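Worksheet for the structure shown next.
None of these values were measured; they are calculated from a predicted model.
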Amino acid sequence: MTVNSGSPGWYLRRLSRMGPREVAGRAGDAVRRRRWRSARPDCPSVTGARFTAVLPAGTVAEVPPDAVKRLVAEADQLMAGHVEFFGVERDDLTDPDWSYDPKTGRRAPSGYAFDVPYRDEDVAGDIKQIWEPSRHQYLTVLAAAYAVTGNERYAERVAEHLRSWWTANPPLRGVHWISGIELGIRLLSWVWIRRLLDGWPGAAELFEDNPVALNQIWHHQRWLAAFPSRGSSANNHVIAETAGQFAAACAFNWFPSSARWRSDALRSLERQLRANTFDSGLNRELATEYHGLVLELGLAAVAEADAADVPVPESLRLVLLRMTDALAAVVDNRLRPPRQGDADDGHGLVLDGTGTDRWGSLLATGDAVFGRLDWWPTVTGTDVRTPLLAALVRPYAQDGTARPATRPAHFADAGLTVLRGPEEIWCRCDGGPHGFLSIAAHAHADALSVEVRHDGVDVLADPGTYCYHGQPAWRQYFRSTLGHNTLQLDGGDQSVSGGPFLWTRHARTRVLDVDNSGAGVARWAAEHDGYQGSVHRRRVELTAESQELRIVDEVRGRQSPRRDVRLAFHLGPAIAADLAGHRAVLTWTRDGAERSAVLDLPARLSWQAHRGETDPPLGWYSAGFGRKEPTTTLIGTGFADGTDEFTTVLGFRGQGGA
């Protein structure tokens with residue numbers, strides 16, 4: 001079903017997922033937006049402002065040489081105007097048009113921000129393409145390049161672009177004043193730009209001695225204080241809003257409202273971080289990239305607090321510690337975390353060049369701030385961000401803090417289980433909640449799906465996300481049940497979508513059994529009730545000696561009429577498949593070595609390979625937002641009558657199963 005997120009029906013469905021308090025809050029927001037249309041106060045006068053949240057002396061010298069090399073190479077590409085956002089190559093970054101979308105060729109309308117129809121790609125273009133440069137994270141890269149080289153051309157380009165942006169985007173005008181997450185991340189970028197340019201003679205003139213900059217900073221914080229994400233929308237967006245607000249109120253503490261903004265933002269950040277995080281440390285959206293985004297934002301906020309000597313509740317640091325330990329627990333041997341839920345390549349703070357591993361960087365920062373545990377994977381890469389953050393963050397007091405003594409494999413509250421075998425076999429099993437809050441905005445209909453890797457290579461892959469706005473058929477496919485390694489009944493999804501970021505009915509999943517004791521066979525079993533009248537139950541066994549993964553699917557419940565079954569297995573883009581009947585021979589190359597496996601599929605289903613199909617979409621893999629490539633998807637079709645078992649065996653030594 002294609003759903004228009006701006007239609008009256010969508011608004012009714014969206015309203016149905018809100019509680020009375022949220023409805024009242026949003027009504028107040030609507031009144032405030034109307035009032036702000038004609039009431040735009042100026043920033044209060046500021047005298048004697050100084051920036052004191054500088055890096056300790058000698059910090060920049062701690063950045064490893066290879067990280068500096070990557071950073072400078074990236075900065076030079078940016079100086080030449082070259083950048084890639086979400087699969088679109090651009091060469092216009094020497095003098096950006098801040099409202100232009102190169103993907104569609106459209107410019108977003110100007111005018112009062114809250115009147116701009118930013119969800120309509122036919123009018124505003126691809127809003128992600130427009131918003132991304134204005135997060136100014138490419139400017140933090142240029143500022144970092146200045147900090148490590150002293151070359152003033154980087155600083156001068158940053159100043160030129162900030163002045164250009166401030167002129168083109170006065171408060172409350174245009175698309176960059178619509179979404180709080182954009183304002184929050186932009187404020188955090190400005191804090192770090194000012195910090196990294198501190199040695200440049202023009203830094204104070206650009207920021208604290210510049211009335212235009214002061215006006216922008218003040219209006220950003222006034223906006224965030226007035227329009228927080230509420231209720232069913234209080235997901236990663238509210239973390240970005242409060243982290244950016246808090247960082248700016250700490251570092252740019254020049255306004256009469258700074259102390260209030262700071263205390264309110266810190267209180268909200270602590271509360272929302274806890275609300276967005278399971279006790280186990282995993283993010284409640286069950287979307288791994290948002291776990292990374294929230295962790296980056298939280299660490300950056302703590303850095304600002306410690307730099308400004310603002311006390312932070314230990315409960316906030318504890319959440320970040322648990323998130324870091326959870327990340328260390330779920331990554332594979334190549335430090336790749338699960339590909340679960342939505343992913344839009346969003347970062348909280350970018351100080352590194354291309355080629356720096358995001359997850360290795362986060363674990364390196366976790367090591368510096370919290371201390372690594374014995375079972376943590378080894379991080380061999382380097383980055384710029386870790387030594388800079390670690391120089392600001394107060395070391396964590398670990399006395400009395402309980403941390404896992406061994407590597408966790410099952411996160412009961414999140415329903416995520418990782419089975420590990422020899423030869424670096426890694427298998428994620430999904431038995432968790434459908435998503436976070438009543439709309440589960442970033443969830444996929446992926447209950448009981450599995451994701452299997454061999455030495456970091458996707459064998460049975462989660463296809464990813466690809467897009468959010470403007471391409472409803474693709475958005476629907478990548479978040480559908482058929483778009484994951486699980487079983488579909490009667491051609492429908494397990495959970496019901498009401499829009500691109502809205503689910504109106506959520507499948508309920510429960511884990512029945514987990515045995516990861518290391519006795520030679522790791523087991524997991526779970527079921528969900530998403531198909532009305534039937535229950536889908538799945539068992540997974542990973543046998544160490546035979547290097548064999550066995551998946552058994554059952555459909556229980558309604559006996560008649562028979563239900564149409566489609567069982568999907570999505571292969572990673574590196575995997576070649578030779579399907580004959582119900583057996584597929586899989587081959588790939590890793591580090592120059594040929595690898596192979598055999599996938600024995602349920603014989604009672606009729607199997608067909610699909611690759612790169614578009615009507616409807618099937619057989620695709622998205623390595624990152626805005627990017628997709630053909631891959632092989634194996635689909636088995638048949639029927640279930642309530643007594644069937646469908647057994648699939650993946651053997652990594654070439655032998656199949658029964």
Side-chain angles (χ1 to χ4, degrees), residues 1-23 26 230-235 275-276 278 283-287 290 340-342 413-416 430-449 462-463 465 468 472-512 526-538 553-558 561 563-568 616 640 642:
M1 176 177 66
T2 299
V3 180
N4 182 354
S5 61
S7 67
W10 176 84
Y11 282 109
L12 288 173
R13 288 188 293 273
R14 185 65 183 85
L15 184 65
S16 72
R17 308 304 293 176
M18 301 180 193
R21 185 172 180 179
E22 181 179 357
V23 171
R26 288 178 181 267
R230 302 178 182 276
S232 57
S233 293
N235 53 11
N276 274 258
F278 287 112
N283 182 266
R284 285 185 182 270
E285 293 197 77
L286 295 172
Y290 288 111
Q340 183 178 19
D342 272 347
D413 47 10
L416 186 149
D430 181 0
H434 174 61
F436 182 46
L437 302 173
S438 61
I439 64 173
H442 291 295
H444 290 187
D446 57 357
L448 308 195
S449 64
D462 184 300
T465 299
Y468 281 168
W474 291 101
R475 175 64 170 152
Q476 178 183 349
Y477 168 68
F478 276 99
R479 68 205 289 256
S480 70
T481 297
L482 190 64
H484 295 83
N485 298 315
T486 188
L487 183 142
Q488 182 196 60
L489 289 185
D490 294 340
D493 287 336
Q494 311 149 335
S495 296
V496 176
S497 172
F501 299 98
L502 171 63
W503 296 91
T504 57
R505 182 171 61 79
H506 303 179
R508 294 175 299 177
T509 306
R510 66 185 184 118
V511 175
L512 304 173
E527 65 183 19
H528 76 82
D529 66 355
Y531 300 122
Q532 297 185 8
S534 297
V535 171
H536 174 207
R537 178 173 293 181
R538 169 169 276 186
D553 290 292
E554 302 174 63
V555 179
R556 298 187 172 197
R558 191 169 69 189
R563 308 200 71 170
D564 292 330
V565 167
R566 285 200 289 183
L567 181 60

| note | Scanning both residues in full, the closest heavy-atom pair of H528 with T509 reads CB-OG1, 3.5 Å

| To the nearest 0.5 Å, what is the distance between CZ (R563) and CG (D490)? | 4.5 Å

| note | Only residue of H536, Q494, R566 satisfying side-chain hydrogen bond (donor to acceptor under 3.5 Å, both in side chains) with Q488 is R566

| Y468 vs H442 aromatic rings, parallel, tilted or perpendicular, using cut-offs 30° and 60°? | tilted

| said: So, taking the atom named CG in L437 and the one named CG in N276, what distance separates them when rounded to the nearest 0.5 Å? | reply: 7.0 Å

| task | Provide the closest heavy-atom pair for S534 versus V555 in the form atom of the first, atom of the second, distance. | result | CB-CG1, 4.0 Å

| message | Restricting to non-hydrogen atoms, name the atom on F278 and the atom on L286 that form the minimum distance, rounded to 0.1 Å. | response | CE1-CD2, 3.9 Å

| query | So how far is it from D446 CG to L482 CG, rounded to the nearest 0.5 Å? | reply | 13.0 Å

| remark: Contacts of F478 meeting ring-ring contact (aromatic ring centres under 6.0 Å, His included) (sequence neighbours excluded), chain-then-number -> Y466

| field | S449 side chain vs N485 backbone, donor-acceptor pair below 3.5 Å | value | no

| note | What one should report as the nearest heavy-atom pair of S495 and A507 is OG-N, 2.8 Å

| said: Tell me whether R475 forms a cation-pi arrangement with F501, defined as NZ or CZ under 6.0 Å from the six-membered ring centre and within 45 degrees of its axis. | reply: yes

| task | Indicate yes or no: at least one non-hydrogen side-chain atom of D430 is less than 4.5 angstrom from one of L416. | result | no

| field | Value rounded to 0.5 Å, distance of CG in L487 from CG in L567 | value | 5.5 Å

| Between L489 and V565, what is the shortest heavy-atom contact and its length? | CD2-CG2, 3.6 Å

| query | Looking only at heavy atoms, which two atoms of G435 and A443 are closest? And how far apart? | reply | CA-CB, 3.9 Å

| query | When the ring planes of H506 and H434 are compared, do they come out parallel, tilted or perpendicular, using 30° and 60° as the limits? | reply | tilted

| Pairing residues for R538 by the salt bridge (charged side-chain N to carboxylate O under 4.0 Å, His left out) criterion, not counting sequence neighbours | D553

| message | side-chain contact (heavy atoms from CB on, under 4.5 Å), that's the test. Do T465 and H444 meet it? Break it down for me. | response | CA-CA 9 Å; T465 299; H444 290 187; 3.9 Å; yes

| Taking only residues at least two apart or on different chains, which pairs with a member in residues 494-509 satisfy salt bridge (Lys or Arg N to Asp or Glu O under 4.0 Å)? | R508-D529

| field | Any donor-acceptor pair under 3.5 Å from R479 side chain to P500 backbone | value | yes

| field | Rounded distance (nearest 0.5 Å) linking atom CG of D462 with atom NE2 of H484 | value | 4.5 Å

